[in-house]
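The next block holds one structure in the form of structure tokens; read it before the comments.
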Protein chains: 2
Amino acid sequence: MLKLTRKVEYALIALRHMQDKAPELVSSTKEIATQYNIPLEILAKTLQHLAKENIIEPINGPRGGYRLKAQLGNINLVEFFERVEGPLGLSDCFYDSNCLQIDYCNIRTPIQRINANMINMFRSMTVQDVTS
Amino acid sequence: MLKLTRKVEYALIALRHMQDKAPELVSSTKEIATQYNIPLEILAKTLQHLAKENIIEPINGPRGGYRLKAQLGNINLVEFFERVEGPLGLSDCFYDSNCLQIDYCNIRTPIQRINANMINMFRSMTVQDVTS
DNA sequence: ATTATATACGACAATAATTATCGGATATAA
DNA sequence: TTATATCCGATAATTATTGTCGTATATAAT
């Protein structure tokens with residue numbers, strides 16, 4: 001409950017790894033997977049996803065890899081989580097009404113308040129706060 | 001990611017249901033399960049758990065059920081979540097070191113800061129904030 | 001006492017979400 | 001031309017969550 005996914009963690013590890021280098025230098029999937037002991041194929045998918053989101057820039061071919069593309073200080077954590085994992089919320093019912101309790105639920109409104117608090121908290125931090 | 005479990009939701013629904021009654025009145029598992037469309041057996045387990053935690057008081061036999069026992073305003077949400085679901089944390093590595101990345105991880109410290117923010121936020125609210 | 005209705009609880013099963021793997025494609029530097 | 005990299009869909013395995021079953025115990029009502 002209330003956990004980050006591995007995908008998000010792997011993404012953050014990779015972004016911090018790139019951030020720690022001079023901006024023009026390239027990091028390959030294999031390099032990152034090896035250094036942090038992350039399964040290669042999963043990390044590959046994650047980085048492809050980040051590239052599609054224009055957060056990193058892919059460089060094809062031998063000696064290729066990825067470089068940072070976005071300003072990490074401009075991406076708050078809500079935006080980042082949603083770009084990596086989709087909609088954010090303590091309960092599904094805030095963005096998907098397929099819930100058996102929804103018609104009678106007596107905690108929907110209070111949970112929504114708490115959810116708003118959580119969202120505000122994550123929105124007050126950027127990816128850069130994690131990568132530096 | 002970052003979701004509450006059903007168990008926590010069912011517990012909160014039940015607590016709010018009891019809170020809405022005069023304190024001496026009893027609510028049975030069946031009554032709550034029916035009213036909110038919750039699977040009976042799961043709710044039963046959840047309520048047994050709350051009873052073991054001394055949050056509600058069981059009353060055996062026919063016309064039995066449960067009544068509130070604890071002051072919901074005295075239980076903050078971190079305490080509540082942990083009493084219902086166990087230790088809280090954005091990543092397992094804060095209370096269980098069985099993680100392949102742990103030796104090399106470059107985001108552990110920043111994630112821990114964010115985790116502290118989250119914990120503080122949930123600690124600033126009580127169960128009563130959900131049930132009234 | 002007997003019965004009906006309630007909680008107590010361990011073991012197990014099903015489902016869903018997450019995590020991981022495989023196969024083959026395209027791009028490009030050397 | 002070759003080696004090394006990203007790209008990407010399909011699928012498998014694993015884990016966590018959610019739900020079920022069977023049986024025991026407690027007690028109010030008759």
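Chain naming here is simple, since letters A, B, ... match the order of the sequence lines and numbering starts at 1 in each.
Here B:K21 pairs with B:E31 in a salt bridge; the nearest charged N to carboxylate O distance falls below 4.0 Å.
The residue among B:S28 and B:M1 whose nearest nucleotide of DNA chain C is located toward the 5' end is B:S28. Both A:Y66 and B:L4 lie close to DNA chain D; mapped to their nearest nucleotides by heavy-atom distance, the more 5′-ward contact belongs to A:Y66.
With a 4.5 Å cut-off on side-chain heavy atoms, A:Y66 and A:T29 count as touching. Proximity of B:M118 to B:I114: side-chain heavy atoms (C-beta onward) are nowhere separated by under 4.5 Å. Looking at heavy atoms from C-beta onward, A:R6 lies in side-chain contact with B:Q101 at the 4.5 angstrom threshold.
Look at CD on A:E41: it is 11 Å from C1' on D:dT6, rounded to the nearest Å.
Side-chain nitrogen and oxygen atoms of A:K30 include at least one within less than 4.0 Å of the OP1 or OP2 phosphate oxygen of D:dA5. Distances shown here put every side-chain N or O of B:Y10 at or beyond 4.0 Å from the OP1 or OP2 atom of D:dT17.
A side chain to side chain contact (heavy atoms under 4.5 Å, CB included) with A:L77 is found for exactly one of A:L88, A:D129, A:V130, A:T126, namely A:V130. Between B:Y36 and the choices B:H17, B:R16, B:E9, the side-chain hydrogen bond (donor to acceptor under 3.5 Å, both in side chains) rule is met once, by B:H17.
Hydrophobic clustering, with ILVMFWY side chains joined whenever heavy atoms are under 4.5 angstrom apart, keeps A:I59 apart from A:L47.
Residues of residues 44-58 of chain B having a heavy atom closer than 4.0 Å to DNA chain D, listed by number: B:K45.
Checking side-chain atoms of A:H49 against main-chain N and O of A:R83 turns up a donor-acceptor pair under 3.5 Å.
Residues A:S91 and B:K3 bring no donor and acceptor atom of their side chains to less than 3.5 Å of each other.
The C1' atoms of five pairs define one axis at each end of the helix from C:dA1-D:dT30 to C:dA30-D:dT1, and these two axes lie 10° apart (to 10°).
Along DNA chain C, the stretch of nucleotides lying under 4.0 Å from any heavy atom of chain A spans, 5' to 3', C:dT19 to C:dA29.
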Take A:Q19 and A:L72, measure what side-chain contact (heavy atoms from CB on, under 4.5 Å) needs, and give me the verdict at the end. CA-CA 9 Å; A:Q19 177 103 314; A:L72 300 185; 3.7 Å; yes
